[in-house]
Amino acid sequence: MQSLLDRFDISDAAVRAIACETISGADDGELFLEYREGETLVFDDGRLKTGSFNIHQGFGLRAVAGEAVGYAHSTELSEQALKRAADAVSGVKKGYSASLAPAPARTNHQLYADANPIANPDFAAKTKLLQDIDAWLRAKDPRVRQVTATLIAAWQHVEILNANGQLVRDVRPLVRMNVSVIVGSGDRQESGFSGMGGRKPFGEFLTTSAWQQAGEEALRQALVNLEAIPAPAGTFDIVLANGWPGVMLHEAVGHGLEGDFNRKKTSAFAGLMGEQVAAKGVTVIDDGTIAERRGSLTVDDEGTPTEQTVLIEDGRLVGYMQDRQNARLMNMKATGNGRRESYAHAPMPRMTNTYMTGGDKTPEEIIASVEKGIYAASFGGGQVDITSGKFVFGCTEAYMIENGKVGAPIKGAMLIGNGPDAMHRVAMIGNDMKLDTGIGMCGKAGQGVPVGVGQPHLRMNQMTVGGTQA
């Protein structure tokens with residue numbers, strides 16, 4: 001595979017010399033090179049609505065001096081563009097002199113194959129598949145009013161050149177299939193959604209059994225919501241399902257455990273290292289090393305190998321997710337969580353696959369323990385304030401629990417709380433930890449990156465629920 005350095009109109013040696021000279025005298029820095037292909041196909045309302053293919057390439061040059069960062073980027077891979085970037089970035093070093101941080105450790109462990117998923121199957125086969133999904137769902141139930149089926153693929157080749165001349169390469173595939181269904185009865189309409197994906201070719205996701213399973217799940221959720229009654233408002237014991245509901249953990253707790261927020265003391269968890277920040281039994285891990293998972297990376301966007309980082313252990317705060325800059329400033333170790341959306345963005349501490357480990361209760365035991373409460377099976381969007389820890393999450397599928405049994409479906413339920421407080425309200429932890437199906441996307445400071453979430457069934461005592469019925 002051709003090196004991305006060869007795409008410059010000057011020699012590899014000249015590129016290396018300019019990059020190294022720019023970073024020399026700083027604490028850290030790198031030249032980040034990226035080539036990315038992307039394809040999106042959207043079949044909506046009985047026709048192919050969107051078919052796009054794009055190529056992005058460029059470089060980002062960074063120097064880090066203490067808490068300051070000099071960063072410049074360009075789509076133009078020329079000597080002139082690189083020198084202009086070097087001039088801009090070098091300004092951060094004025095009046096500053098430091099010894100360069102050691103380069104990241106090397107790794108020979110590869111978490112995914114580098115095959116380009118856009119190439120197979122071809123455009124015609126993908127279009128036919130989306131058409132089949134639409135037709136199959138419409139034939140299954142006369143209440144289906146609209147089907148949206150989407151295939152998304154990306155193939156990203158990155159190279160990271162450190163100031164000491166070390167070059168790290170990573171080739172990252174990423175695929176995703178989404179199915180959304182709207183059903184109706186009279187004037188009422190409700191929706192359901194299902195998706196799956198990972199860092200691998202489309203293969204297993206496009207088999208008949210796989211796409212039919214995704215379609216059936218989206219239809220089932222939509223039909224459940226069609227029968228749902230207004231959610232009550234008040235304080236209830238809550239049972240969260242396993243898998244995707246871990247998105248609440250990601251937002252309400254995960255972001256608060258990223259290194260930059262804690263170094264700046266803007267996180268609700270700042271200054272609590274070693275303290276009990278969750279109920280006993282709660283263990284939270286960020287793991288970028290799970291093969292072929294959506295949030296996994298062989299190396300992060302600074303060239304550091306990812307790892308399994310324990311954040312909370314048996315309720316105690318024991319770790320943060322760190323990039324190289326924040327780890328150095330906090331006198332801690334980089335954990336392989338330095339991520340960026342593209343060459344046009346500087347890296348920052350970000351999650352990979354973040355999940356809560358399992359306990360010793362069965363889901364049936366957990367549900368049976370609740371006299372009156374709410375079972376939250378799936379979440380949609382939410383909002384979190386990192387500083388206060390306050391969050392609001394909307395349930396896309398939820399049910400009442402009456403006398404230890406799952407009852408009527410409800411709609412409009414909003415789970416409201418505070419991250420650190422909510423973790424102390426965990427009363428029972430299931431033995432069925434599951435990761436999501438590969439659909440997560442995380443936003444921070446205007447940058448989006450793919451992530452994974454997960455958890456077992458959980459009981460959380462006396463949580464505030466916003467609803468439409470008093």
Check this for me: does any side-chain nitrogen of one of [X] and [Y] sit under 4.0 Å from a carboxylate oxygen of the other?
{"X": "Glu302", "Y": "Arg324", "answer": "no"}
{"X": "Glu217", "Y": "Arg220", "answer": "yes"}
{"X": "Lys128", "Y": "Asp132", "answer": "yes"}
{"X": "Arg143", "Y": "Asp141", "answer": "yes"}
{"X": "Glu159", "Y": "Arg169", "answer": "yes"}

Of the non-hydrogen atoms in [X] and [Y], which two are nearest, and what is the gap between them?
{"X": "Gln325", "Y": "Val69", "value": "NE2-CG2, 3.6 Å"}
{"X": "Asn162", "Y": "Gly29", "value": "ND2-O, 3.9 Å"}
{"X": "Leu111", "Y": "Thr298", "value": "N-OG1, 3.1 Å"}
{"X": "Gly394", "Y": "Met414", "value": "CA-SD, 3.4 Å"}

Roughly how far apart are [X] [atom1] and [Y] [atom2], rounded to 0.5 Å?
{"X": "Met433", "Y": "Asn431", "atom1": "CE", "atom2": "CG", "value": "12.0 Å"}
{"X": "Arg62", "Y": "Asp301", "atom1": "CZ", "atom2": "CG", "value": "10.0 Å"}
{"X": "Asn353", "Y": "Gln308", "atom1": "CG", "atom2": "CD", "value": "11.0 Å"}
{"X": "Leu317", "Y": "Met423", "atom1": "CG", "atom2": "CE", "value": "13.0 Å"}

Fill in: Sub-6.0 Å ring centroid separation between His73 and His345
no
Contacts satisfying salt bridge (charged side-chain N to carboxylate O under 4.0 Å, His left out) that involve residues 355-370 (not counting sequence neighbours) are none
Cut-off 3.5 Å, no hydrogens considered: what does the side-chain donor-acceptor table look like for residues 117-124, sequence neighbours left out?
unit_1	atom_1	unit_2	atom_2	d
Asp122	OD1	Ala124	N	3.3
Asp122	OD1	Ala125	N	2.9

The side-chain contact (heavy atoms from CB on, under 4.5 Å) partner of Tyr112 among Lys200, Arg293, Arg172 is Arg172
Result for side chain to side chain donor-acceptor pair (under 3.5 Å) between Asp260 and one of Gln322, Arg350, Lys444 points to Lys444
- Message: Does Thr396 form a side chain to side chain contact (heavy atoms under 4.5 Å, CB included) with Phe193? I'd like the steps, not just the answer.
- Response: CA-CA 9 Å; Thr396 54; Phe193 171 85; over 6 Å; no
- Task: Taking atom CD of Gln383 as the centre, report whether more than 12 heavy atoms of other residues, nucleotides or ligands fall under 6.0 Å from it.
- Result: no
### Task
Might you confirm whether atom NZ of Lys390 has over 12 heavy atoms from other residues, nucleotides or ligands at distances under 6.0 Å?
no
Between [X] and [Y], is any pair of side-chain heavy atoms under 4.5 Å apart?
{"X": "Val239", "Y": "Leu458", "answer": "no"}
{"X": "Arg340", "Y": "Gln447", "answer": "yes"}
{"X": "Leu161", "Y": "Phe32", "answer": "no"}
{"X": "Leu219", "Y": "Leu137", "answer": "yes"}

Which pairs would a plain distance check flag for residues 460-467, meaning a side-chain donor or acceptor within less than 3.5 Å of a matching protein atom at least two apart in sequence or in another chain?
unit_1	atom_1	unit_2	atom_2	d
Asn461	OD1	Arg459	NE	2.7
Asn461	OD1	Arg459	NH2	3.2
Gln462	NE2	Asp237	OD1	3.1

task = Kindly assign one of parallel, tilted or perpendicular to the pair Tyr375 and His457, based on the angle between their ring planes and the thresholds 30° and 60°.
result = parallel
Exercise. Verify, without hydrogens or angle tests, whether Asn178 (side chain) and Thr150 (backbone) share a donor-acceptor contact under 3.5 angstrom.
Key: no
Is it the case that Asp286 and Asn337 place a side-chain donor and acceptor less than 3.5 Å from each other?
-> yes
Go through the steps for Asp323 and Asp300 under the test side chain to side chain contact (heavy atoms under 4.5 Å, CB included), then give the verdict.
CA-CA 9 Å; Asp323 64 352; Asp300 72 2; 5.7 Å; no
